[in-house]
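Here the structure comes first, spelled out in structure tokens, and everything after it is commentary.
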Protein chains: 2
Amino acid sequence: MKKNLKEIPVSDENCPVRKTLGLLGGKWTLLILFQINNRVIRYGDLKRAIPGISEKVLIQELNFLVKNKLVTKKSYNEIPPRVEYQLTKTGLNALPIADRLATFGLENVE
Amino acid sequence: MKKNLKEIPVSDENCPVRKTLGLLGGKWTLLILFQINNRVIRYGDLKRAIPGISEKVLIQELNFLVKNKLVTKKSYNEIPPRVEYQLTKTGLNALPIADRLATFGLENVE
DNA sequence: AATAATTCTGACCATAAGGTAAGTACTATA
DNA sequence: TATAGTACTTACCTTATGGTCAGAATTATT
């Protein structure tokens with residue numbers, strides 16, 4: 001018979017929850033991934049999709065996500081500039097987290 | 001036929017992802033909920049389950065979670081003191097988020 | 001008599017995260 | 001000719017968050 005009460009190991013530095021929080025725990029990080037979702041989206045559209053975020057922070061986060069291979073960036077040599085972002089495989093793997101945040105928010109917040 | 005590409009609404013202040021992040025977006029919050037899980041756990045055990053967290057922050061977070069009805073607290077009038085914490089229904093609803101964080105961490109981080 | 005263990009509290013400080021605002025370079029549009 | 005739109009960058013400052021450390025009250029243990 002299966003174990004009903006799973007034992008919860010001590011959450012040291014190797015704890016997967018902790019590691020994920022270290023990577024995606026920023027104020028805006030998961031929201032940005034959620035907004036990109038499975039779209040190919042331009043910087044300006046993304047910015048308008050997240051009212052309140054500053055340009056500095058949005059670009060900062062996008063660079064961070066590109067560096068950590070959650071997002072890819074494609075720049076076209078055009079004037080005016082055009083830059084498109086989309087999730088990598090790893091980035092797509094983070095979407096279920098965002099979906100749970102959404103579900104929880106709908107059912108439990110306020 | 002069903003919509004394949006779901007439209008993603010602009011994430012203003014009412015966005016459920018944002019609201020959840022506002023509530024559970026602290027550095028330790030989801031890890032604490034994950035550690036409590038479906039246990040009844042004493043403060044000291046919880047503290048030992050999360051190496052690195054300071055007592056001040058742990059208590060601060062627990063008070064916050066009690067205030068927001070994600071956690072209940074039961075104090076016994078004993079010496080030495082005994083205090084037990086456990087998740088409310090709402091707190092239990094947050095566990096799937098932590099589970100996804102764990103899954104993602106196992107499969108995608110490092 | 002000293003130490004450890006329990007669950008906190010509070011004062012103080014350091015860091016990092018995020019916000020503001022201005023600027024850049026180029027073009028199309030009015 | 002002035003304004004708006006594109007995607008940023010940079011300098012500066014504010015705030016929030018979290019960390020350190022000491023102490024408090026009580027008892028059991030050594």
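Just so we're on the same page: letters track the sequence lines, and every chain starts at 1.
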Side-chain heavy atoms of B/Val83 within contact of B/Tyr76, under 4.5 Å: no
Kindly give the atom pairs (protein nitrogen or oxygen, nucleotide nitrogen or oxygen) under 3.5 Å for nucleotides 20-28 of chain D.
none

In terms of heavy-atom contacts, B/Ile36 and B/Gln86 come closest through CG2-CA, 3.8 Å
To the nearest angstrom, the NZ-P distance between A/Lys47 and D/dT9 comes to 14 Å
With a 4.0 Å cut-off (strictly under) to non-hydrogen atoms of chain A, the first and last hit nts on DNA chain C, 5' to 3', are C/dG18 to C/dT27
note: A/Phe64, atom CZ; D/dT9, atom P; distance rounded to Å ~ 17 Å
Here the pair of heavy atoms bringing B/Leu31 nearest to A/Ser11 is CD1-OG, 3.5 Å
Separation of D/dC8 atom P from A/Asn77 atom CG, nearest Å, is 12 Å
### Message
Regarding B/Tyr85, tell me which of base, sugar-phosphate or nothing describes its non-hydrogen contacts under 4.0 Å with the strands shown.
### Response
sugar-phosphate
Contacts of A/Asp45 meeting salt bridge (Lys or Arg N to Asp or Glu O under 4.0 Å) (sequence neighbours excluded), chain-then-number -> A/Arg48
Contacts of B/Lys47 meeting side chain to side chain donor-acceptor pair (under 3.5 Å) (sequence neighbours excluded), chain-then-number -> B/Glu55
query: Can you check whether A/Arg82 has a side-chain N or O nearer than 4.0 Å to OP1 or OP2 of D/dA7?
result: no
Residue set satisfying salt bridge (Lys or Arg N to Asp or Glu O under 4.0 Å) with B/Arg82, at least two apart, ordered chain then number -> B/Glu78, B/Glu84
When rounded to whole Å, the CD to C1' distance for the pair A/Gln60 and D/dA11 reads 13 Å
For A/Thr29 and A/Leu24 the tightest heavy-atom approach is CB-O, 3.7 Å
A/Asn63 atom CG is separated from D/dT10 atom C1', nearest whole Å, by 14 Å
Item checked: B/Asn37 side chain vs B/Phe34 backbone, donor-acceptor pair below 3.5 Å -> yes
Whole-Å distance, A/Ile59 CD1 to D/dT10 P, equals 11 Å
**Message:** Please determine whether side chain to side chain contact (heavy atoms under 4.5 Å, CB included) holds for the pair B/Tyr85 and B/Val40, giving the CA-CA distance in whole Å, both sets of side-chain angles, and the decisive distance to 0.1 Å.
**Reply:** CA-CA 6 Å; B/Tyr85 293 92; B/Val40 176; over 6 Å; no
Look only at the side chain of B/Gln35 and the backbone of A/Pro9, and say whether a donor-acceptor pair between them is shorter than 3.5 Å. yes
Ordered by number, residues from residues 11-27 of chain B within less than 4.0 Å of DNA chain C (heavy atoms) are none
Closest non-hydrogen contact found for B/Thr90 with B/Lys69 is CB-O, 3.8 Å
